[in-house]
2 protein chains.
Amino acid sequence: MESSIAIEALSALAHPGRIAVFRLLVRAGAEGAPAGDIARALDTPANTMSAQLAILTRAGLIRSRRESRSIIYTADYPQIAALLGFLMEDCCQGRPEICAPVAAMAACCPSPAEKAQ
Amino acid sequence: MESSIAIEALSALAHPGRIAVFRLLVRAGAEGAPAGDIARALDTPANTMSAQLAILTRAGLIRSRRESRSIIYTADYPQIAALLGFLMEDCCQGRPEICAPVAAMAACCPSPAEKAQ
DNA sequence: TCCATATTTCCATTATTATAGAAATATAGA
DNA sequence: TCTATATTTCTATAATAATGGAAATATGGA
C-alpha cells in the first residue's frame, strides 16, 4: 500500500463523526446500512452525513451500492486489512513476542486455517 | 478505548512525515531510535521532527526515554494494539469469515498460544 | 566554567478542513 | 405526470493544522 493511500484512509478515520460511521459499518457486516439509517443512528444532518460517507468512500474504507431509493454502505474489509498491514509492516523482526499484543487483538477472527485445527 | 483517544492517534498518523516516523519505530522494535537519527533518516529539520515526535507521543503511539544527551523513541505496542482493536470491535458478529482478511494480516505475529501448538 | 551536541519551544505565515442551509438530482409509486 | 422520499452538490463561514527560522534548554566533556 502506498503511503498516500494510507494517509487518506487515516485522515478519513480521524474524525468523530466518520469513525462512528466506520465502526457502525464494521459491525454491520456484509449487509451494510442505508445512508439515511446511518444519519439517523448518529443524529447527523443528511448532507453532513453525505459528505462524511463520501470521504470514507474516497478513502477506500467503505463501498456503496444502490438499492431502490436507498444507497447501502458497507465496510471494505480487504482494504481495511491492507491498511492495518501497512501500519504494522515488519513489526516482528524475528521476535514475534514484541508485537504479540497486536496478534492478541486479532484473536477474535481466527483464520480458516486456524479454525480447521 | 475512548473515541477521542482513537481520533487523536489517527490524526497523528494521518500525515506523511509522522506515519514514516511511526513505521520506522514499529520496525525498530524495543530498542527504538534517537530523535536525531530519525530526523536524519527521514531528511527532516530537527525542530519539525521534534514537533512530529511530540504529536505521536501525545497521541500515545510512541514513548521516549532519555539516554545521555539523546532521547530515544520507541513504538508503544500495547497502545497500538488497542487502537486496532477499537477500529475492528465486533467485526465478526458470529461470522469470522467476514473479517478473515484482518486475521490474515496478523498472521505474521503468532500469539504464544499459537506458537505452542 | 566554557563549549559542543541534542532536542525542544516560540512564533508567524500559509494552507487545509468542517459544517449545515439551500438547492439539485434520482427513484418509486399514485 | 405529479408528489414524496432519499441522497447529493453547491456554497460561504469558521476553525484548525503544518512548516521551519531563531532562540532557548539540557547534557556531557575538556
Side-chain angles (χ1 to χ4, degrees), chain A residues 3-25 28 31-76, chain B residues 3-25 28 31-76:
Chain A
S3 176
S4 59
I5 305 291
I7 287 160
E8 188 164 13
L10 292 164
S11 297
L13 292 172
H15 178 281
R18 292 192 301 257
I19 202 169
V21 172
F22 174 83
R23 301 213 315 149
L24 184 154
L25 290 177
E31 291 160 41
D37 285 8
I38 302 172
R40 265 185 299 282
L42 301 180
D43 195 29
T44 302
N47 60 347
T48 298
M49 179 54 67
S50 178
Q52 294 179 350
L53 289 167
I55 288 169
L56 286 166
T57 301
R58 200 157 40 77
L61 292 165
I62 65 177
R63 295 179 155 281
S64 63
R65 63 179 192 271
R66 179 176 278 277
E67 240 172 59
S68 179
R69 274 183 291 197
S70 293
I71 307 222
I72 312 290
Y73 285 88
T74 51
D76 189 329
Chain B
S3 176
S4 60
I5 304 293
I7 287 160
E8 189 163 14
L10 292 164
S11 298
L13 292 173
H15 177 281
R18 291 193 301 257
I19 202 168
V21 172
F22 174 83
R23 301 211 318 149
L24 184 155
L25 290 177
E31 289 160 43
D37 285 8
I38 302 171
R40 264 184 300 281
L42 301 178
D43 195 29
T44 303
N47 61 346
T48 299
M49 179 53 67
S50 179
Q52 294 178 351
L53 290 166
I55 288 169
L56 287 167
T57 301
R58 199 155 41 76
L61 291 165
I62 65 177
R63 295 178 155 281
S64 64
R65 61 177 193 272
R66 180 176 277 278
E67 240 172 59
S68 180
R69 274 184 292 196
S70 294
I71 307 222
I72 312 290
Y73 285 88
T74 50
D76 188 330

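Below, chain A is the first sequence line, B the second, and so on; all start at residue 1.
Side-chain atoms of A:R23 do not come within 3.5 Å of backbone N or O of A:L25 as any donor-acceptor pair. A donor-acceptor contact shorter than 3.5 Å links the side chain of A:S11 to the backbone of A:I7.
Spacing between atom CD of A:E67 and atom C1' of C:dA28 amounts to 14 Å, rounded to whole angstrom units. Residue A:R40 contributes atom CZ, which lies 12 Å from atom C1' of D:dT7 at whole-angstrom precision. Atom pair B:D37:CG and C:dA6:P shows a separation of 9 Å (rounding to whole Å applied). Between the CD1 atom of B:I55 and the P atom of C:dT8 there is a distance of 12 Å, given to the nearest Å. The separation between A:D43 atom CG and C:dT19 atom P is 13 Å, rounded to whole Å. The distance from atom CD1 of A:I38 to atom C1' of D:dT8 is 14 Å, rounded to the nearest whole Å. A straight line from CE of B:M49 to P of C:dT5 spans 21 Å, rounded to a whole angstrom. Rounded to whole angstrom, the span from the CG atom of B:L13 across to the C1' atom of D:dA17 amounts to 16 Å.
For the pair A:S68 and C:dA28, the criterion of a side-chain N or O lying under 4.0 Å from OP1 or OP2 is met. Between B:T48 and the phosphate of D:dG20, there is a side-chain N or O to OP1/OP2 separation shorter than 4.0 Å. In terms of phosphate contacts, B:Y73 brings no side-chain nitrogen or oxygen within less than 4.0 Å of OP1 or OP2 of C:dA6. When the side-chain nitrogen and oxygen atoms of B:R66 are compared with OP1 and OP2 of D:dT27, one or more of them lie within a distance under 4.0 Å. The shortest distance between the side-chain N/O atoms of B:S70 and the OP1/OP2 oxygens of C:dT7 is below 4.0 Å. Within the 4.0 Å cut-off from OP1 or OP2 of D:dA18, not a single side-chain nitrogen or oxygen of B:Q52 is found.
Closest to the B:R18 side chain, of the nucleotides D:dT8, D:dA18, D:dT19, is D:dA18. Listed nucleotides D:dT7, D:dG21, C:dT7 differ in distance to B:A35; the shortest reach to its side chain belongs to C:dT7. Counting only heavy atoms from C-beta on, A:R69 has its side chain closest to D:dA4 among C:dT5, D:dA18, D:dA4. Side-chain proximity of A:H15 to the nucleotides C:dT7, D:dT19, C:dT19 is greatest for C:dT19.
Counting only heavy atoms from C-beta outward, the side chains of B:I55 and B:Q52 never approach each other to under 4.5 Å.
Toward the 5' end of DNA chain C, the nearer of the two residues A:S11 and A:N47, judged by each one's closest nucleotide, is A:S11.
Between B:A33 and B:I38, the shortest heavy-atom contact is O-CD1, 3.6 Å. Nearest heavy atom pair, residue B:S3 against residue A:I19, reads OG-CG2, 3.8 Å.
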